[in-house]
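Computed from heavy atoms alone, side chains included, the values below leave out hydrogens, waters and symmetry copies. What you see is a predicted model, and the numbers here were worked out from it, not measured in a lab. First the proteins, then the strands, lettered A, B, ... as listed; each starts at 1.
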Amino acid sequence: MIKGIKGVKDILPEETPRWRLIEETARQWAVRYGFQEIRVPIFEVTTLFARSIGASTDIVEKEMYTFQDRDGTSLTLRPEGTAGTVRAFIEHNRNADPLPQKYFYMGPMFRHERPQAGRLRQFHQFGVESLGTSDPRADVEVIALLWRVLMDLKLPALTLEINNLGYTADREVYRPVLVAYLTQHVEALCGNCRRRVETNPLRVLDCKVPECRAATEAAPRLADSLSEQARSYFAGVVAGLDSIGIPYRLNHRLVRGLDYYCLTTFEVTSTSLGAQNAVGAGGRYDALVETLGGPSTPAVGFALGLERMAMMLSETAPVASPGSTTVYIAGFGSLGSATGLSALEELRLAGIRAVSDFRSGTLKSHLRQADRLGSRFTLIIGDDEATKGTAILRDMNTKAQQDVSLTSLSRDISPLFRAP
RNA sequence: GUGGGUGUAGCUCAGUUGGUUAGAGCGCCGGAUUGUGGAUCCGGAGGUCGCGGGUUCGAAACCCGUCAUCCACCCCA
């Protein structure tokens, strides 16, 4: 038997209603906030991701699905959505259009990781990018959108945390200060963090190991090394969130895993998720457009993990059965089944959801099918009815039956499905 | 990449200290008199016990390997 790939899942019909709810909610809020949908390719040249995400990040170093095209160029299945969106923005000269350009996207992403709860190799994200505004209110707008989507879906136990990463120059001031402190306390750090002191000291602050957390409790804070400009920008974000009532927590340890972030970063986690507890996260990335060869353009964005949202939603699954709007056609006997087929088509053309089971040859088995499918009505057409040019319409709840004429079928049945 | 748990019917799982035709519930198909569903009763289909070796008179069970899957580390949405 040919099986699916490790970490790549089928979303079966029982789950798709939940997915549609998530997607439609996200789309609706994005549009309300003035974002437009963009659809970018699922694969790009490898250098795009290496340059944007950061060559020394885990994603680029060991998680990308990279392969050679027939002409030898290196291509990669997108591990996230920002790079492609920014590439499209540059390539199509969208900065020549009225700014800001605000996009949202939805679709599969690919990362070669070891699968676990809430982590797959093909997973799905909804994301937004707001390009061209360097006002704190743009950050607030994006965070608000993120929060509203999650609130609308009533996802449980959420916390929004934000932090100020400052400008690149600020971090360069802070880095040696932090490294000096960490070197004094190396013995207290976990093995991983000892290595990180060299490679990526900021991430030590984000370590979950209790010893590391204790050791860095008294560490000098990035906030104290920030320029006046960075501070006042962040103050604007915080004030904006306050004024529109978005609840957040400051977390000076919050460090994102992608290199392109600066200033505002944020993350929403849920305690109902397991180890992979981040539902959505994002931040500002003012330098990225230029890094990728475009005009200097400030930007903010976020991404939401759709699988993780679906996991949380399943606890309060609001799946409605479609049966309440269905007519089941029970056509049996040689003439009856032929007539049933045309009745099916007629109702469908009239906009009514009509189904039948072509394996059923007896009225009894038809009714069992109709019941199992949860159909609201069954239209019975045996040979007798077919010769008379009529059918019996049975209400499956009340068992009331009435004759209907086959010549006026859709006209007679349509009113039954009007909203009361 | 590292660690731990689990692999028996479509699904959820039993299966005694190794013992002969491997079970249940749900689901599926059919029947309970001729054209009327759900309940009940009856019957039926469906399993290389993940795979490959080994121990043994005998393995679903014990041992080794392997694969898959789940969870965790790591990392991230």
Strand RNA chain B in bracket notation, Watson-Crick/G-U under 3.5 Å with | for pairs to another chain:
(((((((..((((.....[...)))).(((((.......))))).....(((((..]....))))))))))))....
Which residue pairs pass the salt bridge (charged side-chain N to carboxylate O under 4.0 Å, His left out) test when at least one of the two sits in residues 25-53 of chain A, sequence neighbours left out?
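Listed once each, the pairs are A/Arg27-A/Glu37, A/Glu37-A/Arg39, A/Glu44-A/Arg87.
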5'-most by nearest nucleotide on RNA chain B - A/Lys399 or A/Glu267:
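The residue closer to the strand's 5' end, by nearest nucleotide, is A/Lys399.
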I'd like the P distance from B/rA22 over to B/rG47, given in whole Å.
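Going atom to atom, P in each nucleotide, I get 13 Å.
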Would you indicate whether A/Gln36, at its atom CD, is surrounded by more than 12 heavy atoms from other residues, nucleotides or ligands within a distance under 6.0 Å?
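At most 12 heavy atoms, drawn from other residues, nucleotides or ligands, come within 6.0 Å of this atom.
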Pick out the pairs of N or O atoms, protein on one side and nucleotides 43-51 of chain B on the other, that lie under 3.5 Å.
none

How would you summarise protein contacts on [range] per nucleotide, using B for base, S for sugar-phosphate only and - for none, with heavy-atom distances below 4.0 Å?
range                        : answer
nucleotides 27-36 of chain B : -SSS----BB
nucleotides 65-74 of chain B : ----SSSBBB
nucleotides 5-13 of chain B  : ---------

Kindly compute the distance separating CD1 (A/Ile53) from CD (A/Glu61), expressed to the nearest 0.5 Å.
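Here the interatomic distance stands at 12.0 Å.
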For A/Tyr260 and A/Tyr285, I'd like to know if the aromatic rings sit close, meaning centre-to-centre distance below 6.0 Å.
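Yes, the ring centres sit under 6.0 Å apart.
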If only atom types and distance count, is the side chain of A/Thr362 paired as donor or acceptor with the main-chain N or O of A/Ser365 below 3.5 Å?
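Yes, because the side chain of A/Thr362 sits within donor-acceptor range (under 3.5 Å) of the backbone of A/Ser365.
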For A/Thr407, is there any backbone N or O sitting under 3.5 Å from a side-chain donor or acceptor partner on A/Ser405?
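Yes; judged by distance alone, with no hydrogens or angles, the pair exists.
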